[in-house]
Amino acid sequence: MDRKQAQARILELRDTLWENSRRYYVDNAPTMSDFDYDHLMRELEDLENEFPDLRTPDSPTQRVGSDLDKGFAQYPHRYPMLSLGNTYNISEIEDFARRAVKELGEEVGFTYSCELKFDGTAICLTYRNGKLFRALTRGDGAVGDDVTANVRMISNIPLSLTGSGWPEEFEIRGEILMPYESFDRLNRERIENEDQPFANPRNAASGSLKLQDPKEVSRRGLMCTLYHIPAQSVSFATHSEALDAALSWGLPVSPERRVVSGIEGIEEYISYWDQHRKFLPFPTDGIVIKINELDFQNALGYTAKSPRWAVAFKFQAEEALTRLVSIDYQVGRTGAVTPVANLSPVQLAGTVVKRATLNNEDFIREMDVRVGDMVKVIKGGEIIPKIIDVDLSKRPSDAVRPVFPTVCPDCGTPLVKEGDEAKWFCPNVDGCPTQIKGKLVHFLGRKAMNVLAGDATVEQMYNLGLVRTPADFYSLDKQKLLMLDGWKDRSAERFLESLAASRSVPFGRVLFALGIRYVGETTAKELARTFGDVDSLAAASLDDLLSVRDVGDVIARSVYEYFRDDHNLKQISRLKEAGLRFTMEEETLPSSEALSGMSIVISGNFSISRDEMKKLIEANGGKNSSSVSGKTSFLLAGTKPGPEKIKKAGDLGIRIVSEEEFMSMIPASPAAEAPSGGDNIVEPTLF
């Protein structure tokens, strides 16, 4: 694969991974299995390692998925909540153990803490003076949603600690779970009320934790299990000692953990729970292995996203054999046509499976799967499971070989293939209903125009003929909105209020909302900064576009062709008339002596670009410095600051300042009104 091909594939992978991350963390409605997601993430990591100049700070390999919800107050984590590296291969666990021995030294004796990997939603609890003070979701790893009122309704989370010896204030992290019994009861109620049932216990737990009514949370039957205390919060020699202490304080720590001394013990633990997890009353999807000694954890340190002292082994998905009844062909948001198998219902991984993906035409042909076959299905927590094999010994004589459609199943347009693509695509970008609705949903999204509406609302609006393009949203009035099923005055008013607020969304986000292929959040902002307004961008040549930072051939060609399409230009014209911002706002940096005489080092990511942050420092009398020394006034730390700079600042006693604290030190400005990226960060730690 050459560099151009790699760049195109990297952009495609990032788009797919961020979209599925949103569906997993925000919508609680994943459409991809954990296995497939992890496989794509590994492919992206390999490509970025091969072409390191294509790696960017906003890549999914460098950032944690986010479940932030504007319906809740948000607070920074004292220590970032990172994700775990994972594998499905026992040989990679052996590699993990060998690396630990090599880095720590053959003569160093250490142990491993083996624990169940719970399939729920992450939580961080803070206890102050023995009382539950605050509960935060993982959020984006640096900032979390405050769900304290809801967590107080979970029966096995103590509001007050027992025993003695607990610190005046400390954090403990774990998982909120929905036991199978609660999950089944909740779904029975939802079906009786003609509501959409939850796909799996993880989605149900996450959705329940974000309810606005704490009393309803108390009815959901949630439970909590805790598995980690940040080393900075307490003084213990080992991770297991810290959890033993937490258990003595009345906290719900998992009893299934075990400390072992070598790889044999790890493999024995994995083998045991691979067989016995099916008898647990709550969902698990693997095993977590951690270096037990806290000093050795600190010595091994962290990557940008994960600790080097822990790894997760994920179980292979459960399998079931059932009959393939028929095949549907679905067109996706990008126009790709995917075959989906309709199955005889079968119980699998805690839910009844009725449908499974068949990937593409080549997959069907290579597997020789036919309607009527008995097929082997796996389901690792995903909505649409996957067929992995055909039992040819059970093939009926009247099994029918499927014929892949030649036209779009949605709009009837002849399908096309691009180059070596395995998938067929519908090229009717502006006329295919599914593609149109997908673009409308993207336009309204939280990172785009942030309008209060989702898939179901867009579906209704489209079916009633109210919207066909993003500009149509701005022609809606209350009378039209009351045509929507279940909508009352307040629903319509809230939608119109959020629509009106979207007119203030800055140009960079408006550009992202347009849904130009390969143009993500960061690229859209960079294009907006470079060209200043949409007319200049539309007039840009390919060479002009290629001069923009992080824009290569694939993105440049996509942007260039987008602005040569009359339909797109007409829609932009209508959006301009609706009052959307298509010009960068002039930002006047405040001038003051607030930072006079100060030498400041910045590290990490911020809510504004690093260049803009440096300009703010200089505009307020400060001096930017590239390295921490005894002359440094303070280290300005955003999310994911460099560990070496953090360590050196700590060694020299240099003050560490968060973005929020920094913004409070200088006069208010448009840039200074951005949300905080975190608190005073001492050292990253695992959630």
Side-chain angles (χ1 to χ4, degrees), residues 67-69 71-79 81 115-116 118-139 143-179 181-183 185-186 201-202 204-236 239-257 281-283 679 685-687:
D67 66 0
L68 291 173
D69 185 332
F72 292 85
Q74 294 167 357
Y75 293 94
H77 293 294
R78 188 171 184 183
Y79 315 108
M81 292 180 75
E115 305 163 17
L116 293 176
F118 303 99
D119 195 13
T121 186
I123 196 71
C124 176
L125 307 179
T126 298
Y127 282 85
R128 181 178 290 178
N129 297 319
K131 307 287 185 184
L132 177 63
F133 171 68
R134 180 172 290 155
L136 298 178
T137 66
R138 182 173 70 168
V143 176
D145 289 330
D146 184 352
V147 291
T148 310
N150 289 347
V151 163
R152 289 177 178 275
M153 298 295 152
I154 300 174
S155 60
N156 74 328
I157 295 180
L159 303 183
S160 299
L161 300 179
T162 58
S164 61
W166 26 265
E168 182 178 336
E169 181 172 336
F170 70 98
E171 289 184 359
I172 185 165
R173 292 168 175 183
E175 207 92 353
I176 302 297
L177 304 168
M178 179 169 284
E181 183 179 355
S182 300
F183 175 72
R185 173 181 54 78
L186 177 61
R202 186 266 161 199
S206 181
S208 298
L209 192 62
K210 293 294 187 74
L211 291 171
Q212 294 294 328
D213 182 2
K215 291 182 180 178
E216 178 60 23
V217 177
S218 69
R219 294 186 58 256
R220 292 291 177 94
L222 298 173
M223 63 172 287
C224 177
T225 187
L226 300 170
Y227 48 64
H228 183 74
I229 302 180
Q232 302 92 330
S233 291
V234 288
S235 298
F236 293 102
H239 168 74
S240 57
E241 288 176 12
L243 292 186
D244 287 340
L247 186 63
S248 73
W249 302 332
L251 291 162
V253 175
S254 171
E256 286 84 13
R257 55 199 169 88
F282 46 76
D679 201 353
T685 188
L686 175 68
F687 67 88

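All values reported here derive from a predicted model rather than from experimental measurement.
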Q: Kindly say whether V147 contributes a backbone atom to a donor-acceptor pair with the side chain of D145 at under 3.5 angstrom?
A: no
Q: Taking all heavy atoms of G221 and all of S182, pick out the closest pair and write down the distance.
A: O-OG, 3.0 Å
Q | Spacing of I229 atom CD1 and H239 atom NE2 [to the nearest 0.5 Å] | A | 9.0 Å
Q) To the nearest 0.5 Å, how far apart are CE in M81 and CD in E171? A) 8.0 Å
Q.
Among residues at least two apart in sequence or on other chains, which ones pass side chain to side chain donor-acceptor pair (under 3.5 Å) with E216?
A. R219, R220
Q) Considering residues at least two apart in sequence or located in another chain, which fulfil the ring pair (Phe, Tyr, Trp, His ring centres under 6.0 Å) criterion with F282? A) F118
Q.
Let me confirm one number: the CG-CD1 distance from L222 to I176, rounded to the nearest 0.5 Å.
A. 7.0 Å
Q: Calculate, to the nearest 0.5 Å, the distance between atoms CG and CD1 belonging to L226 and I172 respectively.
A: 4.5 Å
Q: Go through the steps for L136 and T126 under the test side chain to side chain contact (heavy atoms under 4.5 Å, CB included), then give the verdict.
A: CA-CA 9 Å; L136 298 178; T126 298; over 6 Å; no
Q: Considering non-hydrogen atoms only, spot the tightest contact between M153 and P214 and give its length.
A: CG-O, 3.2 Å
Q) Passes side chain to side chain contact (heavy atoms under 4.5 Å, CB included), K210 versus T121? Steps please. A) CA-CA 11 Å; K210 293 294 187 74; T121 186; over 6 Å; no
(Q) Among F133, F170, W166, which residue satisfies the side chain to side chain contact (heavy atoms under 4.5 Å, CB included) criterion with Y127? (A) F170
Q. Quick one: OG1 on T225 to CG on L116, what's the gap to the nearest 0.5 Å?
A. 8.5 Å
Q | Shortest non-hydrogen separation from L186 to A204 and the atoms involved | A | CD2-CB, 4.3 Å
**Q.** Nearest heavy atoms of R173 and C124, plus distance in Å
**A.** NE-SG, 3.3 Å
**Q.** Results of side chain to side chain donor-acceptor pair (under 3.5 Å) for N129 - residues two or more places apart only
**A.** none
Q: Identify the heavy atoms of G250 and P158 that sit nearest to each other, and give their distance.
A: O-CG, 3.5 Å
Q.
Working to the nearest 0.5 angstrom, can you tell me the gap between L177 CG and L209 CG?
A. 11.0 Å
Q. Has the side chain of S160 got a donor or acceptor atom that lies under 3.5 Å from a matching backbone atom of K131?
A. no
Q.
Using the side chain to side chain donor-acceptor pair (under 3.5 Å) criterion, which residues pair with D244? Sequence neighbours excluded.
A. R257
Q. Any side-chain heavy-atom pair from P281 and E181 closer than 4.5 angstrom?
A. no
Q | Closest approach of S208 to N150 (non-hydrogen atoms, all atoms of both residues) | A | O-ND2, 4.5 Å
Q.
Going by the rule side chain to side chain donor-acceptor pair (under 3.5 Å), which residues pair with R152 if we only count those two or more places apart in sequence or in a different chain?
A. none
**Q.** Non-neighbouring partners of D213 that pass salt bridge (charged side-chain N to carboxylate O under 4.0 Å, His left out), sequence neighbours left out
**A.** none
Q) Between E175 (side chain) and G120 (backbone), is there a donor-acceptor pair under 3.5 Å? A) yes
